[in-house]
*Asks:* 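This is the structure I have questions about; it appears just below.
Every chain is numbered from 1, with letters handed out A, B, ... down the list of sequences.
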Amino acid sequence: MNVAEVIVDVSSKNIDRPFDYKIPDHLKGMIEVGMRVIVPFGPRKLQGFVTGLKDSSELNGKSVKEVEQLLDLTPVLTEELMQLSSWLSDKTLSFKITALQAMLPAALKAKYEKELKVIDEEALTPEIKRLFRDQKSLLYSDIADQNILSSLQKFVRRGSIDVTYKVAQKTNKKMIRMIEADEDKEELSRQADALSKQASKQLAVLHYFIAGGAKIAAADLCKKTNASSATLKTLLEKGLLKESFEEVYRDPYQDRMFKKTEPLPLTDEQRAAFEPIKQAVADNVHHVFLLHGVTGSGKTEIYLQSIEKVLAKGKEAIVLVPEISLTPQMVNRFKGRFGSQVAVMHSGLSTGEKYDEWRKIQRREVRLVVGARSAIFAPFENLGMIIIDEEHESSYKQEEMPRYHAKDVAIKRAEHHSCPVVLGSATPTLESFARAKKGVYELLPLKHRVNRQVMPEVSLVDMREELRNGNRSMFSTELMEQLEEKLAKKEQAVLFLNKRGYSSFVMCRDCGYVPQCPHCDISMTYHRYGQRLKCHYCGHEEPVPGTCPECGSEHIRFFGTGTQRVEEELTKVLPQARVIRMDVDTTSRKGAHEKLLSAFGEGKADILLGTQMIAKGLDFPNVTLVGVLSADTTLHIPDFRAAEKTFQLLTQVSGRAGRHEKPGSVIIQTYTPSHYSIQLTKTHDYESFFQQEMAHRRAQSYPPYYYVALVTVSHEEAAKAAITAEKITNFLKSGCGPGTKILGPAASPIARIKDRYRYQCVIKYRQETELQVQLKKILDHYKRDIAQKHVMISIDMNPYMLM
DNA sequence: AGCACGCCGACT
DNA sequence: GTCGGCGTGCTC
């Protein structure tokens with residue numbers, strides 16, 4: 001094999017294909033598909049992935065450059081994952097390089113640097129000489145002054161300064177310094193005797209080795225002997241000790257003890273659900289199960305026992321968990337049962353930690369991964385099962401390129417490995433449940449909670465009624481009464497706030513002015529910390545104005561009912577209650593989330609107040625009341641899944657109450673009590689909700705009856721975006737069959753983000769392949785405009801947010 | 001994407 | 001006359 005086909009690290013339509021590179025003699029036989037290389041590309045150097053090997057290039061050798069460097073000794077992507085990447089880029093209409101990179105930890109992504117080197121010092125101006133000072137070379141990115149840049153360019157052109165392009169790794173393996181004796185014990189004793197009396201630290205270190213101490217980490221040795229690194233340095237220089245460096249894993253869970261747990265006996269219902277999964281594992285068949293179990297029905301125990309079967313067969317398993325529920329509670333359950341065989345992957349880990357967890361998988365040191373969305377790409381080669389917990393969660397959909405859904409990837413991988421997929425939820429997506437009803441998936445119902453606890457009593461409170469009765473506060477009379485009662489009984493309550501529409505904003509009471517982000521068409525969110533306004537889309541920040549910029553009034557103040565606001569009100573009406581608030585402000589620090597939850601678990605507060613993030617996996621025996629302050633907010637978002645999301649959220653939240661001996665109750669405050677998505681939470685009736693919602697979806701041609709795709713066109717000028725969107729819509733209308741429905745173009749619900757105007761077109765279709773072809777044509781046709789006129793076209797083949 | 005090349009207007 | 005604006009085209 002003399003030539004490697006390489007996908008280079010450039011995200012552009014024209015470059016989205018393999019490029020040929022000759023393999024130099026010293027790399028012959030070493031390069032394999034799935035390895036990373038550094039290759040010259042035009043004037044620069046880029047990282048790339050080897051996607052193929054061949055004897056010769058069709059380009060006949062003349063313009064074929066050589067591979068410059070091989071970055072891996074073993075492929076970072078298995079053959080299966082290489083195939084999966086082409087499928088992924090195809091399915092999501094994203095670049096091959098983007099799909100490849102999505103499968104690897106960020107640490108393996110390249111970092112690019114330009115280095116300037118002085119060739120002819122005489123030719124340079126004093127100013128530039130000063131810039132270089134005594135150094136021969138300088139990093140391009142370190143040059144802050146824009147004026148110097150242009151004069152530098154001149155010298156580069158004349159050849160007085162040379163530019164070299166470098167590729168670097170983002171993070172490296174963590175190494176620690178190890179110390180061991182470099183002489184035998186007798187020699188060490190002799191040297192120890194010869195030490196001066198003051199050198200007590202050195203003596204202590206030597207005694208460690210004289211006593212037979214083994215090779216030890218420098219830090220540990222210092223701690224043991226109370227010595228400093230200077231002491232070690234002296235002994236190293238004397239040649240008595242020697243140092244070496246060893247690779248270690250950054251283990252985010254190293255300080256924690258996991259109590260070993262044993263399998264629990266299954267209920268009859270659990271066993272009935274477990275049997276078919278067990279059988280599929282035993283028979284190595286690909287099969288998708290939908291484990292539909294009410295909250296508290298013991299789904300996790302079924303996962304654990306299924307995994308046990310998989311591991312017993314010598315195979316591996318992936319468990320996906322929604323990002324926000326990757327709490328220590330969840331991790332504990334898996335680590336407790338399977339100990340060090342588990343790797344954990346979630347966004348809370350640093351780049352380095354994620355890299356280390358990934359390498360544990362790659363080196364076959366673990367056989368089970370518990371992780372968020374991207375863990376679906378774990379490089380296992382002998383997969384025996386994939387579990388997706390809370391399968392309805394929207395965090396399984398990636399909202400950047402490649403816009404994949406982890407469920408689709410899971411099924412694709414499971415097909416390849418001929419192994420089962422288990423989707424678990426109390427409120428499955430309509431898509432999944434419909435497939436289960438059709439027999440595409442196998443439905444495994446769990447209708448009862450373990451230990452026969454009853455489902456909590458749910459009562460709906462009509463907030464319009466409250467208002468009519470003169471209660472203008474955000475707490476209904478019923479909720480207040482219940483809160484007081486729980487407080488008196490020393491039981492705990494959880495108050496839940498739908499996040500969307502609940503972020504607080506600032507408004508002028510005289511003219512109604514609401515500060516908008518200058519770069520996005522969206523209201524700014526008020527943050528009490530530092531009295532600032534923030535934009536959640538682009539990160540723009542500014543102080544709260546003292547007077548209204550529109551009318552000059554001083555009556556400008558914050559509005560809305562953010563968690564902070566609720567907390568204030570709550571302490572006013574229930575001053576004796578101890579409240580823990582969980583929102584972006586209180587949980588942004590690392591580990592804060594965990595700390596707040598365990599404080600609540602230990603009974604250090606009476607009320608836990610928060611947004612969606614507290615709805616998942618919360619399981620505290622003393623919680624007997626759950627209150628939802630306003631159930632309507634998710635109902636009014638511009639999304640065809642609004643009702644589904646509302647029902648899921650309310651059901652999920654209700655499930656937090658009365659999970660143990662004490663019975664629980666739920667109070668849902670709403671302005672639209674008659675809506676079926678709210679009514680049916682009262683009876684925990686998923687089946688009826690499914691029927692009603694399906695009727696709506698059918699009437700409006702939405703999933704699961706139709707597929708949906710979203711095309712968004714953006715440009716700095718509104719007109720340019722609108723015209724292109726119009727053209728695309730017309731093209732699609734003429735090119736797609738009669739079964740396809742095309743809506744738009746229309747301004748996006750968020751009409752502008754980061755100074756770009758956005759227009760969108762929604763496509764509803766029944767035949768996947770046909771549309772894929774049409775959309776590919778569009779991207780191909782507009783690649784010129786994309787490159788030159790700065791038009792951006794983004795396509796989402798399965799949007800979860802129509803924004 | 002980025003970078004070089006090349007063709008036009010505004011300055012020393 | 002040169003400098004530097006950014007339209008155009010290429011990258012194995």
*Asks:* What's the CD-P distance between A/E113 and B/dC3, to the nearest Å?
*Replies:*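 Atom-to-atom, A/E113 to B/dC3, this comes out as 14 Å.
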*Asks:* Enumerate the residue pairs fulfilling side-chain hydrogen bond (donor to acceptor under 3.5 Å, both in side chains) with a member in residues 718-734 of chain A, sequence neighbours excluded, ordered by first and then second residue.
*Replies:*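 Found A/E717-A/K720.
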*Asks:* Scan for side-chain hydrogen bond (donor to acceptor under 3.5 Å, both in side chains) pairs involving residues 71-81 of chain A, sequence neighbours excluded, and state none if there are none.
*Replies:* A/R36-A/D72, A/E80-A/R413, A/E80-A/H417
*Asks:* So, is A/K114 near the phosphate of B/dC3, with a side-chain N or O under 4.0 Å from OP1 or OP2?
*Replies:* yes
*Asks:* In whole angstrom, what separates A/Y140's OH from B/dG2's P?
*Replies:* 12 Å
*Asks:* Measure from NZ on A/K783 to P on C/dG9 and round the result to the nearest Å.
*Replies:* 13 Å
*Asks:* Taking only nitrogen or oxygen atoms into account, show me every contact under 3.5 Å that the protein makes with nucleotides 10-12 of chain C, one pair per line with its distance.
*Replies:*
unit_1	atom_1	unit_2	atom_2	d
C/dT11	O3'	A/G42	N	3.0
C/dC12	OP1	A/Y21	OH	3.3
C/dC12	OP1	A/P40	O	3.2
C/dC12	OP2	A/K65	NZ	2.4
C/dC12	O3'	A/D20	O	2.7
C/dC12	O3'	A/K65	N	2.5
C/dC12	O2	A/D20	N	2.7
C/dC12	N4	A/R17	NH1	3.3
C/dC12	N4	A/R17	NH2	3.4

*Asks:* How long is the line joining NE2 of A/H790 and P of C/dC6, in whole Å?
*Replies:* 10 Å
*Asks:* Check the distance between B/dA1's P and A/L46's CG and give it to me in whole angstrom.
*Replies:*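 About 14 Å, once rounded to whole Å.
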*Asks:* Please find out if less than 6.0 Å separates the ring center of A/F41 from that of A/F19.
*Replies:*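 Centroid distance A/F41-A/F19: below 6.0 Å, so yes.
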*Asks:* In chain order, what residues pass the salt bridge (charged side-chain N to carboxylate O under 4.0 Å, His left out) check against A/E399, with sequence neighbours excluded?
*Replies:*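 Partners of A/E399 by the salt bridge (charged side-chain N to carboxylate O under 4.0 Å, His left out) criterion, ordered by chain and then number, come out as A/R403.
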*Asks:* Which residues pass the salt bridge (charged side-chain N to carboxylate O under 4.0 Å, His left out) test with A/E115, not counting sequence neighbours?
*Replies:*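 For A/E115, the residues satisfying salt bridge (charged side-chain N to carboxylate O under 4.0 Å, His left out) (neighbours in sequence not counted) are A/K117, A/K166.
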*Asks:* Using whole Å, what does the distance between atom P of nucleotide B/dA1 and atom NZ of A/K96 come to?
*Replies:* 16 Å
*Asks:* Between P on B/dA1 and CE on A/M792, what's the gap in Å once rounded to a whole number?
*Replies:* 9 Å
*Asks:* By the 4.0 Å heavy-atom rule, please label A/F95 as base, sugar-phosphate, or nothing.
*Replies:* nothing
*Asks:* Run the salt bridge (charged side-chain N to carboxylate O under 4.0 Å, His left out) test against A/D162 and tell me which residues pass, sequence neighbours left out.
*Replies:*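 A/D162 satisfies salt bridge (charged side-chain N to carboxylate O under 4.0 Å, His left out) with no other residue.
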